[in-house]
Enquirer: 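Mind having a look at this structure? Questions to follow.
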Amino acid sequence: MSAEIAAQIVSPQVDQRQVTFRLVAPLAREVKVTGIDGQPDLAMQRGANGLWQGTIGPLEPEIYSYSFLVDGTRLNDPSNRYVKKWLSLTSLFEITGGLIHENWLVPHGDLHHHLYDSISTGVQRGVQVYTPPQYSTLTDELPVVFLLHGYGDDETAWTEVGRASMILDNLIHQQRIPPVVLVMPNGHPTRLDIQRDFDQYASENISNMEKDLLQDLLPFLDRRYRISKKPQHRALAGLSMGGGQAIALGLKHLDQFSRIGSFSASAPHGNFENIDLQMKMNAKDFESCNSVLNLFWIGCGKDDFLLDRNKHFVKWLRSRKIKHSFQLTDGGHDWTVWRRYFVDFMTAVFLKPESEDRPD
Ligand code: FER
């Protein structure tokens, strides 16, 4: 009987800006909704046939994550197919309201998924590439942005949860940015092992990412796509673990990238005293940085568990007189923050007129 009811229930039910959650759990003693971004836990009420229900709202338009807590055990909503499905699985729901990440009635670009030969790691690796709506009619080489994901994610996270391709469609339509190619590599060239220490894993992973990105992925993309080879038209950005990768690889390879974006970065890793060493930089490099680095955009939320690292990193940048822009924003370590950072970063990337770029 519960199985039949479970097959019929609708959860979550989004009605305007109210959301009702439902779960059939006849033997449960306590059911809550937990982890809704910016909201306290919601106690659900038990009704007939073991059907638990709870309603929250009105909520601001946003994409929210949540889980059920059934007698203390965290579960996804079994009636909801919209799931963030990486290292940790989380149920999602969306309240629409004309936000920049929504599917507007505008021309859309194309999203490609490739498996390329990664000689440096000895396996084939995945990458997603977004080409703008105008791509087939343009003949110029387009600017390109490399966008890296976090520790718990893969190359599909930035589009599925981050809505990066929708955001670009809309920004391009609004003419706030020109047509651009977006490359979303897989950020785990080192095999993920959650039992390993994160900082140790992430540092080793950066070295492998460096080889894979420069020796394998870039040549693959240069063969397949009309993308600029000029550093002033290439940006590198990432969130969390990917922010750490963007910082380290961006600063080290300013001959490849002239704009760096760091969203809630996990770098520096471990020891805050040896950042020079971690970034593999010395006095000569600090000086040359400012002449080639067009934009160094750093964002971190006030409630982010990585804020301390970001503050140390920004302090280090100041001590080395490396130009940067640090945005200390509301929010924690979550996608509501990163979608906004992506919009702010992309518009900042294209804010400077071409004439201010360094010469070819
Ligand atoms: C940690 C520091 C940072 C950690 C993870 C991160 C697992 C990064 C998370 C991310 O990329 O989202 O100690 O432990």
Side-chain angles (χ1 to χ4, degrees), residues 35 37-38 63-67 74 83-92 125-128 146-164 184-210 212-213 236-250 260-275 278-279 297-314 316 327-342 345:
D37 304 279
I63 301 169
Y64 295 90
S65 47
Y66 71 99
S67 304
R74 201 182 72 82
V83 182
K84 177 191 180 296
K85 61 176 191 297
W86 294 278
L87 195 65
S88 63
L89 286 87
T90 315
S91 298
L92 299 170
R125 293 184 12 88
V127 60
Q128 279 206 123
F146 293 81
L147 187 60
L148 306 171
H149 60 74
Y151 178 68
D153 292 331
D154 69 13
E155 70 273 17
T156 63
W158 260 114
T159 49
E160 289 193 21
V161 188
R163 300 279 178 92
M184 292 155 281
N186 178 287
H188 292 292
T190 310
R191 196 190 161 87
L192 186 63
D193 175 358
I194 56 170
Q195 291 183 334
R196 270 183 78 181
D197 171 70
F198 171 80
D199 285 319
Q200 199 205 16
Y201 170 84
S203 316
E204 182 188 317
N205 197 34
I206 284 176
S207 306
N208 288 332
M209 200 66 195
E210 180 178 19
D212 176 82
L213 185 69
L236 178 64
L239 77 85
S240 199
M241 180 186 80
Q245 294 169 340
I247 289 172
L249 301 184
I260 304 174
S262 158
F263 312 163
S264 321
S266 67
H269 297 113
N271 190 351
F272 296 148
E273 307 309 314
N274 72 354
I275 303 182
Q278 271 193 47
M279 299 301 151
W297 193 101
I298 299 162
C300 192
K302 290 179 188 138
D303 303 323
D304 195 312
F305 75 106
L306 297 177
L307 179 58
D308 204 33
R309 295 180 182 209
N310 279 269
K311 283 188 169 163
H312 273 91
F313 183 64
V314 167
W316 174 81
Q327 326 281 326
L328 180 62
T329 70
D330 286 337
H333 202 70
D334 66 60
W335 280 101
T336 64
V337 169
W338 300 324
R339 281 186 291 267
R340 287 190 198 113
Y341 285 0
F342 180 57
F345 176 71

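Whatever order the structure lists them in is the order used to number ligands and atoms, beginning at 1.
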Enquirer: Going by distance only, is there an N or O of Leu306 that falls short of 3.5 Å from an N or O of ligand 1?
Expert: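 Between Leu306 and ligand 1 (N or O atoms, distance only) the closest approach is not under 3.5 Å.
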Enquirer: Using a 4.0 Å cut-off to any heavy atom of Tyr151, which atoms of ligand 1 qualify?
Expert: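 Contacts of ligand 1 toward Tyr151, numbered from 1: 7 (C), 9 (C), 10 (C), 11 (O), 12 (O).
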Enquirer: Using ring centroids (six-membered ring only for Trp), state whether Phe313 and Trp316 fall under 6.0 Å.
Expert: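 Yes; Phe313 has its ring centre under 6.0 Å from that of Trp316.
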Enquirer: Can you find a heavy atom in the side chain of His269 that is under 4.5 Å from one in the side chain of Phe198?
Expert: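 Touching, per the 4.5 Å side-chain cut-off.
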Enquirer: Decide yes or no for Tyr201 and Leu192: does some side-chain heavy atom of the first lie under 4.5 Å from some side-chain heavy atom of the second?
Expert: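 Yes, side chains in contact.
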Enquirer: Out of Gly150, Ser240, Ser266, Ala267, who gets a non-hydrogen atom closest to atom 12 (O) of ligand 1?
Expert: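 Comparing heavy atoms across Gly150, Ser240, Ser266, Ala267, the nearest one to atom 12 (O) of ligand 1 lies in Ser240.
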Enquirer: Please verify whether a non-hydrogen atom of His333 lies at under 4.0 Å from ligand 1.
Expert: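 Yes, that is the case, since the closest heavy atom of the residue is under 4.0 Å from the ligand.
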Enquirer: Identify, for atom 2 (C) of ligand 1, the protein heavy atom at the shortest distance, and state residue, atom and that distance.
Expert: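 Checking every protein heavy atom, the shortest distance to atom 2 (C) of ligand 1 gives Phe198 CD2, 3.3 Å.
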Enquirer: What are the two closest non-hydrogen atoms of Ser203 and Asp199, and how far apart are they?
Expert: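 So the two residues come closest at OG-O, 2.7 Å.
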Enquirer: Would you say the rings of His149 and Trp86 are close, in the sense that their centroids are separated by under 6.0 Å?
Expert: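 Centroid separation for Trp86 and His149: 6.0 Å or greater.
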